[in-house]
Amino acid sequence: MSNDVTHSAFKYDYLGSDSKAIQRSVSNHLVYTIGKDPFTATEHDWMMAFSHVVRDRLIERWMETQRSYYKHDAKRVYYLSMEFLIGRSLINSLLNMDIHNACGKALKKLGIELERLRSLEHDAALGNGGLGRLAACFLDSMASLNIPGYGYGIRFEYGMFRQQIDNGNQIELPENWLVHDNPWEFPRPEVSYRIRYGGRVMEYQDSSGRRHFDWIDGDIVIAQAYDTPIPGYHNDTVNNLRLWSAKAHEAFDLNQFNQGEYTEAVVGKTLSENISKVLYPNDSSTMNKLLRLKQQYFFVSASLKDILRRFFTDHDDLHELPDKVAIQLNDTHPAIAIPEMMRLLMDKHQLEWQPAWEITTRVFSYTNHTLLPEALETWPVKTFETLLPRHLQVILEINRRFLLMLGHRHPGDMDILRRLSIIDERGERRIRMAHLAIIGSHKVNGVSALHSELLRNATFRDFDRFYPGKIINITNGITPRRWLYLSNRRLSSLISDAIGPEWVKDLSKIQQLEAFAEDHSFQEKFAAIKLANKKHISKLINYFLEKQVDPHTLFDVQVKRIHEYKRQLLNLFRAIELYNRLVDDPGCACVPRTFLFGGKAAPGYSMAKLIIRLINDVADVIDNDPAVSDRLKIIFIPNYDVTTATDIIPAAELSQQISTAGMEASGTGNMKLALNGALTMGTMDGANVEMREQLGDENIFIFGLQTDDIARLNQLGYQPRQYYESDPRLRRIIDMIANGFFSPEEPTRYRMITDSLLNVDHFKVLADFDAYMGISDQADTIYQQPDTWNRMAILNTARMGYFSSDRTISEYAEKIWQVSPVSR
Ligand SMILES: *Cc1c(COP(=O)(O)O)cnc(C)c1O
């Protein structure tokens, strides 16, 4: 089909970006794509028609971008991630392509409000929290920096569950985000790969005596590609996110068909399509389910085959692969890519072990996201034996060679072999995916200075000695496009009026705002915007939750997954203490406050779900106490996701980042809130440490035990009950919870929480309570001096430039990937 004649005859329109052209395109799509006219069109029809208008403009730029990458023979970066938490795309695309105003105008002419259409879009919620959102910020930054970056993941039919709060309890509802059609994806049925599970390995020797391995039989599932365009900011670059969907193999159980077992064969078909059915809703903990491992291998194998196919379109020597391809593993979830690459290079492309290993380790790098032991992935060797027998062979050979080298370095030290082996031999033999990822990569990175330090000096200390310089730090960041330019339009305008618009693509420039920190009229404008944002979220709360909040109270925000280590309980204890003060001294000069909580609990995490219920029970008691309810309020905002985050964060004045020191790898919510002018109350954990350096100690409220304090406390034998006995405030709070003050209809409802705190308190809630109240009171004193507060808030926004994911991606590009922007 494709020859020079058809190519020269093939011409397509470049669609205009002015409001007239857009107005015309909307009308055309409403008629020709949706099949409606203005008399019959629903809002949803208009939304779909308009989305197609935007999609047309994306795809033009997408094709040009991809052509330019081929033309330049650019080195590509492949970001392999189980999760991409993107949220909505419509407004982001308009702003990044600089057609937002023209579109607003065009729609107005047609009698349509852009704001209405915006609210109809579903979130693409293919992730749990920080890890998936980081991947989404990275896609935006790679496109904005003209880096040839490709995301690869799974097109889950059901994304993150929708959270409903029923009588204070979390209810999980399935999120079938694709039912209303996803205008942002392009199905690519011609891009598909066969993915094998099970079967057996055949071994044979060729005439030259070389051993070959052939993985055969088992079950085949088809991975089919869907592409989502990722626009950069004002640079006409559009990169690609390729997500794989599982389809039954056409010949799936053909035997059964032939034997007349039609229904059984069709049931088998749906079983194989289950692989991309649903995202596991666990954050910071592993799911040892066979289906999860199948998902991992499914998208990894398809992605590697696709990467090699693209490489071979312009190259034929695999030794050049590391010069043209860098593959980043987002946590260990895709670590099976390392033995899969070895298998493809050796079994499919006939390379010997040594060159294959050299190529593999030069291509891969791995990002560690957590030190929590419950989140370090391992799989039983037995599971691999049946599901991925060839990969097990390769892993064991990688391990044999690694242990041989390690043994040479540490003669006679059996213990270090046991500690660093890929195989955990204690009990049922298991494969440690982190060890596999470290050994198979040329660089390993942590995600904040503190986290990387702990990786090097504690968790992976022996690996750091064995591979000096392999473990590095690259501190996380957030995209300023979504997390300020899009989500806080009012503040964006104020900033651009003051210092020009350059900060959107180079966030280091936002530092120029420091010059306005003392400017009284600027302070007032800054504060007026915060108030407007607070009024906006108050309206939403009133509309959706039928609760009244006073926008003139201090908005004190903790939004993130519900997890014991993130210590929502510590924050709630503070709320209860403030309640008790109001009860004891109704005339006190306390700062009127609204606590905003938001976050999902993993469905199987009963403690986290109980914490949600307690937050809601405490909120109810306060609501029903007329003596305090005008000065203290707790709101639990259901279904925290990217879209609710973009509504809540611009309205926040205090940001709670209070994880137990050493447990939050980085955090990115902390960055979003500070960038929007919220002051942080935080522990010396994750990126809080670097935020303190950037902001200045006087512009952040740091408190509590540090990592070495906690180690010491544990060594001495931490006794939480002592804090309960010696601090009457703590004693009163715990007694209230334990005795049913917040659950009179079921007094023992929270015994699991109080027992755990009094007897174990693994996360040091009681030990940090006093310091936390101290810093909270300090914050309140400053809040009562608005000039000081506003200056600090402005300085927060001005000094967060370092935390742009553009800076993060530039570091990956230079220190790990060795890729450069493609000039276009
Ligand atoms: C940024 C973000 C997170 C991560 O928040 P942390 O406070 O760093 O845990 C989680 N969920 C959503 C929806 C986010 O936007």
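Counting starts at 1 for both ligands and their atoms, following the listed order. Side chains are part of it too, since the values below use all heavy atoms of this structure and drop only hydrogens, waters and symmetry mates.
- Listed by chain and number, the residues in a salt bridge (Lys or Arg N to Asp or Glu O under 4.0 Å) with Asp140 are Arg481 (sequence neighbours excluded).
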Quick one: table the atom pairs, ligand 1 N or O against protein N or O, below 3.5 Å, distance rounded to 0.1 Å.
{"from": "ligand 1", "atom 1": "7 (O)", "to": "Lys560", "atom 2": "NZ", "distance (Å)": "2.7"}
{"from": "ligand 1", "atom 1": "8 (O)", "to": "Thr668", "atom 2": "N", "distance (Å)": "2.8"}
{"from": "ligand 1", "atom 1": "8 (O)", "to": "Gly669", "atom 2": "N", "distance (Å)": "3.0"}
{"from": "ligand 1", "atom 1": "9 (O)", "to": "Lys566", "atom 2": "NZ", "distance (Å)": "2.7"}
{"from": "ligand 1", "atom 1": "15 (O)", "to": "Lys672", "atom 2": "NZ", "distance (Å)": "2.6"}

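- Considering every non-hydrogen atom in both Tyr783 and Thr553, the closest pair reads OH-O, 3.9 Å.
- Arg292 meets the side chain to side chain donor-acceptor pair (under 3.5 Å) test with no other residue; sequence neighbours excluded.
- For the side-chain contact (heavy atoms from CB on, under 4.5 Å) with Phe595, the lone residue among Asn571, Ile635, Val618 that qualifies is Asn571.
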All N/O donor-acceptor pairs, side-chain side in residues 84-92, below 3.5 Å, sequence neighbours left out:
{"from": "Arg88", "atom 1": "NE", "to": "Glu121", "atom 2": "O", "distance (Å)": "2.9"}
{"from": "Arg88", "atom 1": "NH2", "to": "Ser119", "atom 2": "O", "distance (Å)": "3.2"}

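- No donor-acceptor pair under 3.5 Å is formed between the side chain of Arg807 and the backbone N or O of Asp506.
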